[in-house]
Amino acid sequence: MLGVAGILVGGIWVAASGAYEAHRVNQTIDQIRQIAENIRGRYSVAPTIPQQDFTTFTQTVAAADLFPAETKLNPGVDPATCVAATPCYFTHPWNSNGGGSTCGGGTYCVGSIANLLVVMQNNTNSAFVLLLRNLPQGACIKLASRFIDIWDDIGISGIGFNNGDAAIPGTPLPGAPPTVATITANCAAGNANSLYLALRQSP
């Protein structure tokens, strides 16, 4: 009897864990879509998105309040105070440490492509980059696989991976969407995957 109960409890736990993981993936996709739309809307009449690095650009975007509210590590922080010296941090659903650093921790970061051409080599049609840091392997694979499905829908022009959570991806993959096999090969075991999305100024 106890064995049957244990199996049932285990099955429920696995199902619940799977549902929660699927929820986090969907939540992240929605957040990325919203961030991209907000940035494009703000610079819709500009010939290009400002050319700044991750640190500066992230805080500029923060001051403009273009990140979804649920991504803010400190939702009570006045966006006008988000500057490089006093940064605001933006978390994705896999953030676990409750802290962060500018473009560190389990965070979203944003940068304009002109300072990050090494990220997506030969993708000169890219306007900005979204970076998710400290992703577990499973999340890296699931998210990147979902991006294949919405590639043109949200205007992705390239994707990159780094399994050392560095500021520059170890494997730039410009151009066409990667295959599932390529995604799986580039999302390493552990929780230190970085996933880079290069996006066009319009979808």
Side-chain angles (χ1 to χ4, degrees), residues 20-21 23-36 38-39 52-62 66-75 77 82-84 86-113 115-121 123 126-147 154 156-174 178 182-199:
Y20 179 55
E21 188 73 355
H23 170 72
R24 290 198 287 187
V25 170
N26 291 332
Q27 182 181 19
T28 303
I29 295 296
D30 289 343
Q31 290 172 354
I32 286 174
R33 190 187 302 274
Q34 186 175 347
I35 292 168
N38 288 347
I39 292 174
Q52 303 174 68
D53 63 20
F54 272 137
T55 301
T56 305
F57 193 77
T58 299
Q59 302 315 315
T60 302
V61 173
L66 300 182
F67 278 76
E70 69 272 16
T71 67
K72 296 182 181 180
L73 192 61
N74 298 306
V77 173
C82 297
V83 295
T86 311
C88 292
Y89 307 125
F90 301 90
T91 67
H92 57 62
W94 285 270
N95 181 62
S96 59
N97 59 17
S101 58
T102 304
C103 292
T107 60
Y108 279 114
C109 300
V110 180
S112 54
I113 193 69
N115 293 81
L116 298 159
L117 285 175
V118 67
V119 173
M120 300 296 149
Q121 295 172 6
N123 262 297
S126 299
F128 61 102
V129 175
L130 297 181
L131 163 63
L132 294 86
R133 303 190 74 167
N134 283 72
L135 288 170
Q137 182 182 37
C140 177
I141 292 171
K142 290 173 183 176
L143 283 170
S145 298
R146 283 287 300 277
F147 291 138
I154 63 172
I156 300 173
S157 58
I159 192 169
F161 304 84
N162 185 285
N163 53 32
D165 196 38
I168 298 175
T171 310
L173 298 171
T182 299
I183 290 171
T184 302
N186 282 281
C187 291
N191 300 318
N193 290 284
S194 290
L195 186 58
Y196 298 73
L197 292 176
L199 293 105

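Sequence positions, counted from 1, serve as the residue numbers for this chain. Atom set for the values below is all heavy atoms of this structure, side chains included, hydrogens, waters and symmetry mates excluded.
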inquiry  = Less than 4.5 Å apart, side chain to side chain, heavy atoms only: is that true for Q27 and E70?
reply    = yes
request  = Test side-chain contact (heavy atoms from CB on, under 4.5 Å) on L130 and L199 and set out the steps.
outcome  = CA-CA 8 Å; L130 297 181; L199 293 105; 3.8 Å; yes
query = Are L143 and I29 side-chain neighbours, meaning at least one heavy-atom pair lies under 4.5 Å?
reply = yes
task = Locate the shortest heavy-atom distance separating I183 from S145; write the atom from each residue and the value.
result = CD1-N, 3.7 Å
message = When you compare the side chain of F161 with that of S194, does any pair of heavy atoms fall below 4.5 Å?
response = no
query = Say you draw a straight line from CD1 of I159 to OG1 of T182; how long is it, rounded to the nearest 0.5 Å?
reply = 10.5 Å
key: By side-chain contact (heavy atoms from CB on, under 4.5 Å) - contacts of A139 (at least two apart)   = E21, W94, L135, P136
inquiry  = Just so I know, are the side chains of F147 and L195 near enough to count as touching, which here means a heavy-atom distance under 4.5 Å?
reply    = yes
task = Only counting residues at least two apart or in another chain, list the ones meeting side-chain contact (heavy atoms from CB on, under 4.5 Å) with Q137.
result = I141, C187, A189, N193
key: Separation of Q31 CD from N38 CG (nearest 0.5 Å)   = 11.5 Å
query = Can you check whether T28's main-chain N or O pairs, donor with acceptor, with H92's side chain at less than 3.5 Å?
reply = no
P93 side chain near H23 side chain, heavy-atom distance below 4.5 Å = no
request  = Step by step, work out the side-chain contact (heavy atoms from CB on, under 4.5 Å) result for I32 and L132.
outcome  = CA-CA 10 Å; I32 286 174; L132 294 86; 3.9 Å; yes
request  = Applying side-chain contact (heavy atoms from CB on, under 4.5 Å), run through L197 and I156 and close with a yes or a no.
outcome  = CA-CA 7 Å; L197 292 176; I156 300 173; 4.1 Å; yes
